[in-house]
Amino acid sequence: MLESFAPTMAPRVRFAPSPTGFLHVGSARTFIFNWLYARHNKGTMILRLDDTDVGRNTQASVDSIFEGLKWLNLGWDEEYKQSERIDLHRKTAWAIFEKGLAYRDFTPAHTGEAEKSGAQGTWLFNPGAREISPAESDRRAAAGEPFALRFRVPHEGDQAVRFTDAVYGEQAKLAADIEDFALLRSDGMPTYHLASCADDADLRISHIIRGQDHLSNTFKHVLIFEAAGSRPPQFAHLPLLVAPDGTKLSKRRHGPVVSVTTYRDAGFLSEAFINFLCLLGWSPKNDRENMSVQELTEAFSLEGINRSNAVVNFKESTVAAEATPPNVAIPSEVRESDFAALGFAAPEDTFDPKALWLNAEHIRALPVEELSARLLPIVHAAGFQVTEDKMLRITPLIRERIKLLRDVLTAADFFFVDQLPPYDPAELIPQKGDAAMARRVLEKGREVLANVEFKHDPLDQALRAAAQELGVKAGQMFQPIRVAVCGRKNAPPLFETLEVLGRETTLKRIEQALQKIA
RNA sequence: GGCGCUAUCGUCUAGGGGUUAGGACGGAAGAUUCUCAAUCUUCAAACACGGGUUCGAUUCCCGUUAGCGCUACCA
């Protein structure tokens with residue numbers, strides 16, 4: 001082959017969402033795989049808005065897509081809008097018509113959904129439409145009669161349309177089984193198939209990496225490319241992302257967990273989210289799982305993509321499915337905080353456990369300064385006043401205790417507030433102890449902590465010595481103090497915590513605890 | 001209905017004519033520890049079913065079943 005002597009060209013790939021809904025996780029994964037392929041091969045990443053369906057496009061969808069992509073923070077090299085390229089699409093369609101490979105169909109468009117489900121057998125073309133003579137076709141068109149332009153699929157004989165998919169291998173389908181699909185609608189607007197192929201050819205797309213739901217459409221696309229005189233690009237179809245019940249992801253059925261911004265708002269790190277999505281339908285084949293974007297880029301290849309659908313294992317919120325009337329659309333700006341109101345479970349148990357684990361891993365891998373900087377705005381947004389410096393000292397204490405960035409709010413709350421929220425005084429009572437012991441421990445603690453230096457080692461020594469003096473175990477000494485200063489039993493290590501809290505706050509909270517059990 | 005695609009632990013996956021079918025998440029148990037978390041150790045858990053081919057199939061072929069996709073003048 002001649003091509004084999006030519007230097008291999010840098011690939012050009014595209015992500016082509018249609019703005020008819022928010023950016024969902026499946027689309028995000030398609031974007032990521034395209035991006036990874038482009039970067040791995042030093043190619044070009046193109047973003048193209050496939051907005052030819054004017055009736056269903058919304059600005060809100062466009063915004064949602066950009067919002068989601070912006071969070072992913074991967075970027076792209078070129079950007080196009082299909083709606084600005086309609087002349088090209090029409091030109092392509094009429095060129096195909098001129099070659100005799102398309103014809104005008106004056107049959108009125110199917111109106112209802114009636115035909116869809118009841119369709120028995122295969123519909124290939126509208127009766128009579130193919131046979132209209134060129135002269136009559138021209139005459140009726142000139143008379144202003146509306147028509148759709150259809151591709152004249154060669155149904156006679158047993159010729160097959162073929163292509164090789166990088167993931168699914170050799171594909172062939174009898175042309176006789178392919179219907180005469182539309183190129184131009186009766187309003188003159190291009191259909192998805194035509195616009196997509198015309199643009200792919202014009203933008204010199206070398207690899208089309210997209211969802212498997214397009215696998216059977218690809219036969220039509222090959223027909224269009226060939227009719228337009230272009231060589232079809234390399235195709236690579238991705239297995240679909242499905243819900244735990246096996247059905248495709250849908251916001252109405254599955255709630256906000258399918259929207260990219262939900263992950264962002266819940267406190268996912270975009271790099272963890274990307275990592276998670278990459279592991280769905282692709283494998284580096286060396287048992288690596290926790291990977292940075294850099295590592296993913298290096299490891300990515302089309303060969304690692306597998307063929308069966310992958311389940312995003314979030315918790316099915318059946319309550320919501322039943323409680324939410326099916327005809328009530330959930331607004332796209334639904335936030336994690338509204339989950340409960342809508343009947344969805346709390347975020348920590350709705351997300352795929354693996355996504356949560358990866359996020360925790362990525363959080364721990366972040367340098368303290370960076371994690372702290374990411375946490376700060378969340379804390380501020382929640383209405384707490386914390387200095388950058390204090391946050392920097394809190395961060396190491398919670399970074400192994402949070403799975404989502406937002407967990408900072410529950411893991412470190414006692415550092416932020418002046419007055420601890422009310423807690424059960426019974427919590428102050430240590431293991432195998434009683435209220436009297438709790439009181440003795442707190443009184444001793446108050447005495448010791450009034451003088452000791454508020455640094456880890458001196459605190460450690462002083463409190464342990466105090467425990468010995470009182471004849472209680474170290475744990476019995478620490479627990480009442482921990483609850484007194486944190487308001488709960490489960491908290492970061494005591495000495496580090498006291499160090500950050502400082503003497504004044506510590507003593508004040510011990511005093512309050514003492515009053516609680518008085 | 002037609003056409004296409006898919007089938008390994010609960011989930012994501014590795015593997016491949018002969019393996020104790022590997023890893024990870026999640027689960028269970030234990031160790032460690034001032035609680036929680038993290039960490040470490042251990043355990044349970046899978047080749048959808050039926051036919052071939054073969055000395056031998058989870059792996060190759062066919063069928064069945066199931067799931068998914070397409071079957072629009074949606075994308």
Side-chain angles (χ1 to χ4, degrees), chain A residues 16-21 50-53 55-57 105 107-110 113 115-124 146-150 165 168 171-174 176-179 181-193 195-196 211-220 237 239-240 242 244 246-248 276 279-290 306-313 352-358 360 364 397-403 411 430-431 460 463-464 467 473-479 481-483 486 488-495:
Chain A
S18 52
T20 53
D50 278 10
D51 54 352
T52 53
D53 186 2
R56 297 202 306 152
N57 293 335
D105 183 354
T107 314
H110 283 191
E113 299 280 308
E115 308 287 329
K116 196 177 168 185
S117 52
Q120 294 296 105
T122 319
W123 174 89
L124 288 176
F147 60 86
L149 194 69
R150 286 187 185 282
D165 189 272
Y168 290 91
Q171 302 294 316
K173 182 169 181 170
L174 252 27
D177 287 326
I178 302 171
E179 74 280 5
F181 54 92
L183 260 20
L184 251 30
R185 302 177 207 161
S186 49
D187 61 2
M189 287 296 283
T191 61
Y192 158 74
H193 299 302
S196 178
Q212 192 240 37
D213 47 345
H214 284 299
L215 190 61
S216 26
N217 284 335
T218 305
F219 297 104
K220 296 172 190 166
H237 286 88
L240 263 21
V242 297
T247 61
K248 72 173 182 180
F276 169 64
L279 264 17
L280 259 21
W282 173 81
S283 164
K285 302 196 187 291
N286 59 182
D287 288 343
R288 289 273 335 253
E289 298 217 301
N290 181 358
N306 54 24
R307 286 166 292 276
S308 46
N309 291 174
V311 173
V312 181
N313 198 18
D352 190 314
K354 196 147 199 172
L356 251 12
W357 170 74
L358 277 170
R364 282 178 226 128
L397 304 188
I398 59 160
R399 81 172 179 157
E400 300 198 326
R401 272 160 262 265
I402 59 175
K403 283 186 156 70
Q431 280 288 345
D460 189 336
L463 257 13
R464 278 181 203 280
K473 289 185 174 171
Q476 292 174 314
M477 180 79 207
F478 302 155
Q479 192 70 342
I481 298 175
R482 185 198 320 285
V483 174
C486 300
R488 64 181 129 89
K489 284 179 179 166
N490 300 342
L494 187 58
F495 313 131

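All values derive from a computational prediction rather than experimental measurement. These numbers come from the heavy atoms of this one structure, side chains and all, not from hydrogens, waters or symmetry mates. Proteins get letters first, then strands, A, B, ... in listed order; numbering begins at 1 in each.
Remark: A/S216 pairs with no residue by the side-chain hydrogen bond (donor to acceptor under 3.5 Å, both in side chains) rule, at least two apart or across chains. Remark: A/D53 engages A/R56 in a salt bridge (charged side-chain N to carboxylate O under 4.0 Å, His left out) (not counting sequence neighbours). With sequence neighbours excluded, no residue forms a side-chain hydrogen bond (donor to acceptor under 3.5 Å, both in side chains) with A/D352. Among residues two or more places apart in sequence or in another chain, the salt bridge (charged side-chain N to carboxylate O under 4.0 Å, His left out) test is passed with A/R307 by none. For A/K248, the side-chain contact (heavy atoms from CB on, under 4.5 Å) criterion is met by no residue, not counting sequence neighbours. For A/K403, there are no salt bridge (charged side-chain N to carboxylate O under 4.0 Å, His left out) partners, not counting sequence neighbours. By the salt bridge (charged side-chain N to carboxylate O under 4.0 Å, His left out) test, A/R150 is found to be paired with A/D105, residues two or more places apart in sequence or in another chain being considered.
Contact check, A/K285 against B/A14: a side-chain N or O comes under 4.0 Å of OP1 or OP2. Checking the phosphate oxygens (OP1, OP2) of B/U13, a side-chain nitrogen or oxygen of A/N306 falls inside 4.0 Å.
As judged by a 4.0 angstrom heavy-atom cut-off over every strand, A/T52 is placed among residues touching the sugar-phosphate backbone only. Residue contacts shown for A/K248 are limited to sugar-phosphate atoms, with no base heavy atom under 4.0 Å away. Nucleic acid contact for A/N313: sugar-phosphate only, since backbone atoms but no base atoms lie under 4.0 Å from a heavy atom of the residue. Note on A/N217: a base of the nucleic acid sits closer than 4.0 angstrom, heavy atoms only. Within the nucleic acid shown, A/E289 comes within 4.0 Å of at least one base atom, counting heavy atoms only. Backbone-only engagement by A/S283 is indicated by non-hydrogen atom pairs under 4.0 Å involving sugar-phosphate atoms exclusively. Among the protein residues, A/P17 comes within range of no part of the nucleic acid, since none of its heavy atoms lies under 4.0 Å from any strand. Using a 4.0 Å heavy-atom distance criterion, A/G55 is classed as making no nucleic acid contact.
You'll find that the side chain of A/Q212 is closest to B/C5, out of B/C5, B/C74, B/C12.
Distance check, rounded to the nearest 0.5 Å: CZ of A/F181 to NZ of A/K220 gives 7.0 Å. To the nearest 0.5 Å, atoms CZ (A/R482) and CE (A/M477) are separated by 12.0 Å. If you take CZ on A/F276 and CD on A/E289, they are separated by 11.0 Å, rounding to the nearest 0.5 Å. Expressed to the nearest 0.5 Å, how far CD of A/Q476 lies from CD1 of A/I481 amounts to 12.5 Å. Taking SG from A/C486 and CG from A/L494, the interatomic distance works out to 7.0 Å, rounded to the nearest 0.5 Å. Note that CG of A/N306 is 7.5 Å distant from OG of A/S283, once rounded to the nearest 0.5 Å.
The interatomic distance linking A/L124 (CG) with B/G2 (C1') rounds to 10 Å, in whole Å. The NZ atom of A/K220 sits 14 Å away from the P atom of B/G4 (whole-angstrom rounding). Atom CZ of A/R288 is separated from atom P of B/U13 by 18 Å (rounded to the nearest Å). Between A/D287 atom CG and B/G15 atom P the separation is 10 Å, expressed in whole Å. One interatomic measurement links the two molecules: CG of A/L174 to P of B/U71, which rounds to 19 Å at whole-angstrom precision. Atoms CG (A/L356) and P (B/C12) sit 17 Å apart, rounded to a whole Å. Between A/L215 atom CG and B/G69 atom C1' the separation is 8 Å, expressed in whole Å. At whole-Å resolution of the value, CH2 in A/W282 and C1' in B/A24 are 14 Å apart.
The pairing partner recorded for B/C70 is B/G2, the criterion being a Watson-Crick or G-U wobble arrangement whose two distances lie under 3.5 angstrom. Pairing partner, B/C9: none, since no Watson-Crick or wobble contact has both distances short of 3.5 Å. Taking a pair to require two hydrogen-bonding distances under 3.5 Å in either a Watson-Crick or a G-U wobble arrangement, B/U53 remains unpaired. The base-pairing partner of B/G26, taking Watson-Crick or G-U wobble contacts with both distances under 3.5 Å, does not exist among the strands shown. B/A14 is unpaired under the criterion used here, namely a Watson-Crick or G-U wobble arrangement in which both key atom distances are under 3.5 Å. Across all strands shown, B/U19 forms no Watson-Crick or G-U wobble pair with both distances under 3.5 Å. In this structure, B/U35 forms no base pair with any nucleotide, since neither Watson-Crick nor G-U wobble geometry is met with both distances under 3.5 Å.
The C1' atoms of B/A57 and B/A75 are separated by 43 Å, rounded to the nearest whole Å. Atom name C1', nucleotides B/A14 and B/G1: the rounded distance is 39 Å, in whole Å. For B/G10 and B/G26, the C1' atoms lie 8 Å apart once the distance is rounded to whole Å. As rounded to the nearest Å, B/U32 and B/A46 have C1' atoms that lie 33 Å from one another. Distance noted for atom C1' between B/U42 and B/G50: 39 Å (whole Å). For B/U41 and B/U65, the C1' atoms lie 42 Å apart once the distance is rounded to whole Å. When the C1' atom is used for both B/A45 and B/C25, the distance is 13 Å, rounded to whole Å. Distance check on atom P: B/G63 versus B/G4 gives 11 Å, rounded to whole Å.
Judged by closest nucleotide on RNA chain B, A/Q171 is the one of A/H193 and A/Q171 placed further toward the 5' end. If you find the closest nucleotide of RNA chain B to A/K173 and to A/Y192, the one lying nearer the 5' end belongs to A/K173.
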Close N or O pairs between protein and nucleotides 61-66 of chain B (under 3.5 Å):
none

Nucleotide by nucleotide, 5' to 3', does protein get under 4.0 Å of the base (B), only the sugar-phosphate (S), or neither (-) in nucleotides 31-47 of chain B, counting heavy atoms? ---BBBBSS--------

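Scanning atom types as modelled, no donor and acceptor separated by under 3.5 angstrom connect the side chain of A/R307 and the base of B/C5. Judged by distance alone with a 3.5 Å cut-off, no donor-acceptor contact links the side chain of A/S216 to the base of B/C70.
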